Amino acid sequence: MPELPEVETVRRGLAGRIVGRSVMNVDMGRERVARRTSTSAVARGLTGTTIIEVDRRGKYLLIRLTGQRTAMVHLRMSGQLLVAPSALPRPNHCHVAALLDDGNELRFVDPRTFGEVVVYATADEAVVVPELARLGRDPLVDGVSRAALAEICRGRRRRLKSLLLDQTAIAGIGNIYADEICHRARLRPDRQAASLDGRHLQRLAEAMVSVLNAAVSAGGSTLGDAQYVGVDGQAGSFQDEHRVHARAGLRCGTCGRGIVRRMVIDQRSTYWCGICQR
DNA sequence: AAACAAACCTGTGCGC
DNA sequence: TGCGCACAGGTTTGTT
């Protein structure tokens with residue numbers, strides 16, 4: 001579910017609601033969400049700390065804590081981080097509930113339990129979360145240029161969308177935004193990345209930044225199943241601006257002539273307009 | 001190296 | 001209504 005814009009929306013929500021708060025007590029649910037260590041390690045790691053700041057790298061949230069600790073949260077497909085008064089009943093599938101000193105609870109909710117939480121000494125980051133070091137550049141944190149994309153595409157025989165989904169190439173883009181970025185750049189998702197010339201790469205870099213920024217401004221995308229919501233349970237609105245994703249059979253909103261088509265790339269549904277995108 | 005398949009889970013929507 | 005199946009925003013592992 002959550003891609004860069006949704007995770008960034010959560011990050012901003014958390015920054016405004018939990019920075020400066022202390023963790024009084026922690027209730028844990030399913031062991032699986034703490035699989036990188038254990039539920040008791042997560043509870044012990046959080047209890048008694050104060051939240052200093054909230055960082056994001058690609059789809060990874062990094063909550064910096066006192067005591068030189070960090071809590072890493074990855075929402076995967078169905079995870080949510082919610083801040084709610086502790087008096088309100090917890091939703092189903094609430095696997096971490098951290099009581100804060102202002103009476104709110106920070107809650108990690110995840111029906112499918114693909115998501116995870118781990119607390120570690122910040123100095124051990126490279127050991128505990130080794131995939132962070134392998135992430136490619138984050139288009140909003142690091143910026144992305146035509147030259148940077150040329151470097152990524154160079155010497156590879158790979159389809160464009162597959163490259164966009166590869167977190168070690170570019171961090172934060174998932175299935176929705178890969179489709180929307182390809183559309184905005186007017187590039188077919190299945191064309192060979194190595195075939196892109198300087199003009200194409202320039203369009204791709206601009207599309208990446210503009211689509212992701214617009215999506216962050218809209219608070220992310222909440223599809224029909226409403227799985228993604230922000231920390232206050234609010235839906236995003238960028239789904240109203242999707243041009244192709246999950247719109248098979250509908251008329252392309254950009255050219256007004258093409259009908260959005262569906263294909264499968266890397267086991268993921270892929271939507272594109274055969275007229276706009278070459 | 002790239003593409004593909006399956007796995008991890010639960011929920012929802014659709015056709016019959 | 002109920003059942004069975006397809007499918008869902010992610011990532012990893014193993015196989016062609």
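This one's a predicted model, so the numbers in the text were calculated from it and none came from an experiment. Just so it is clear: chains get the letters A, B, ... in the order the sequence lines come, proteins before strands, and each one is counted from 1.
- The distance from atom CD of A/E31 to atom C1' of B/dC8 is 16 Å, rounded to the nearest whole Å.
- Residue A/L223 is classed as a base contact, given a heavy-atom separation below 4.0 Å to a base.
- At the heavy-atom level, A/T168 lies nowhere under 4.0 Å from the strands shown.
- Salt-bridge annotation for A/R32 and A/D110: absent, with no side-chain N of the basic residue lying under 4.0 Å from a carboxylate O of the acidic one.
- A salt bridge between A/D266 and A/R268 is absent, with no side-chain N of the basic residue lying under 4.0 Å from a carboxylate O of the acidic one.
- The interatomic distance linking A/D110 (CG) with B/dC9 (C1') rounds to 9 Å, in whole Å.
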For nucleotides 11-16 of chain C, just jot down a letter per nucleotide in 5' to 3' order: B, S or -, based on protein non-hydrogen atoms under 4.0 Å. B-----

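- Nucleotides C/dC3 and B/dC9 have their P atoms positioned 24 Å apart, rounded to a whole Å.
- Cluster partners of A/V141: none. The rule joins Ile, Leu, Val, Met, Phe, Trp and Tyr whenever side-chain heavy atoms lie under 4.5 Å apart, and it links nothing here.
- Distance, A/R35 CZ to C/dG10 C1': 11 Å, rounded to whole Å.
- Defined by atom type and a distance below 3.5 Å, a donor-acceptor pair is missing between the side-chain atoms of A/E180 and A/H242.
- In this structure, A/R112 places its CZ atom 15 Å from P of B/dA7, rounding to the nearest Å.
- For the pair A/N92 and A/R32, nearest-nucleotide mapping onto DNA chain B gives the more 5' position to A/R32.
- Using a 4.0 Å heavy-atom cutoff across all strands shown, A/S269 reaches sugar-phosphate atoms only and no base atom.
- Taking side-chain N and O atoms only, A/H93 has no distance below 4.0 Å to OP1 or OP2 of B/dC9.
- Salt bridge annotation for A/R203-A/E206: absent, with no cationic side-chain nitrogen under 4.0 angstrom from a carboxylate oxygen.
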Pick out the pairs of N or O atoms, protein on one side and nucleotides 1-3 of chain B on the other, that lie under 3.5 Å.
unit_1	atom_1	unit_2	atom_2	d
B/dA2	OP1	A/R157	N	3.3
B/dA2	O3'	A/R157	O	3.4

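- Within a 6.0 Å radius of CD in A/E53, more than 12 heavy atoms belonging to other residues, nucleotides or ligands are found.
- Rounded to a whole angstrom, the distance from the P atom of C/dT1 to that of B/dT10 is 26 Å.
- Atom OH in A/Y271 sits about 10 Å away from atom C1' in C/dA8, given to the nearest Å.
- Atom CZ of A/R36 and atom C1' of C/dG10 are 13 Å apart (whole Å).
- Atom OH of A/Y228 is separated from atom C1' of C/dG10 by 16 Å (rounded to the nearest Å).
- A salt bridge links A/R56 to A/E8: one of the charged nitrogens lies within less than 4.0 Å of a carboxylate oxygen.
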Compile the donor-acceptor pairs under 3.5 Å between side chains in residues 40-48 of chain A and protein atoms, sequence neighbours left out, one pair per line.
unit_1	atom_1	unit_2	atom_2	d
A/S40	OG	A/S38	OG	3.2
A/T47	OG1	A/A43	O	2.6

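- Looking at heavy-atom distances under 4.0 Å, A/R30 makes contact with sugar-phosphate atoms alone, never a base.
- With respect to the salt-bridge test (charged N to carboxylate O, under 4.0 angstrom), the residues A/D190 and A/K161 do not qualify.
- Salt bridge status for A/R184 with A/E241: absent, with no side-chain N to carboxylate O gap under 4.0 Å.
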Which dot-bracket string describes DNA chain B (Watson-Crick N1-N3 plus N6-O4 or O6-N4, or G-U N1-O2 and O6-N3, all under 3.5 Å; [ ] crossing; | other strand)? .|||||||.|||||||

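- Stacking between A/F114 and the base of B/dC9 is absent under the criterion of ring centres within 5.5 Å and planes under 30 degrees.
- With respect to A/D27 and A/R90, a salt bridge is recorded, a charged nitrogen being found less than 4.0 Å from a carboxylate O.
- Scanning for ring pair (Phe, Tyr, Trp, His ring centres under 6.0 Å) contacts around A/F108 gives an empty result, with sequence neighbours left out.
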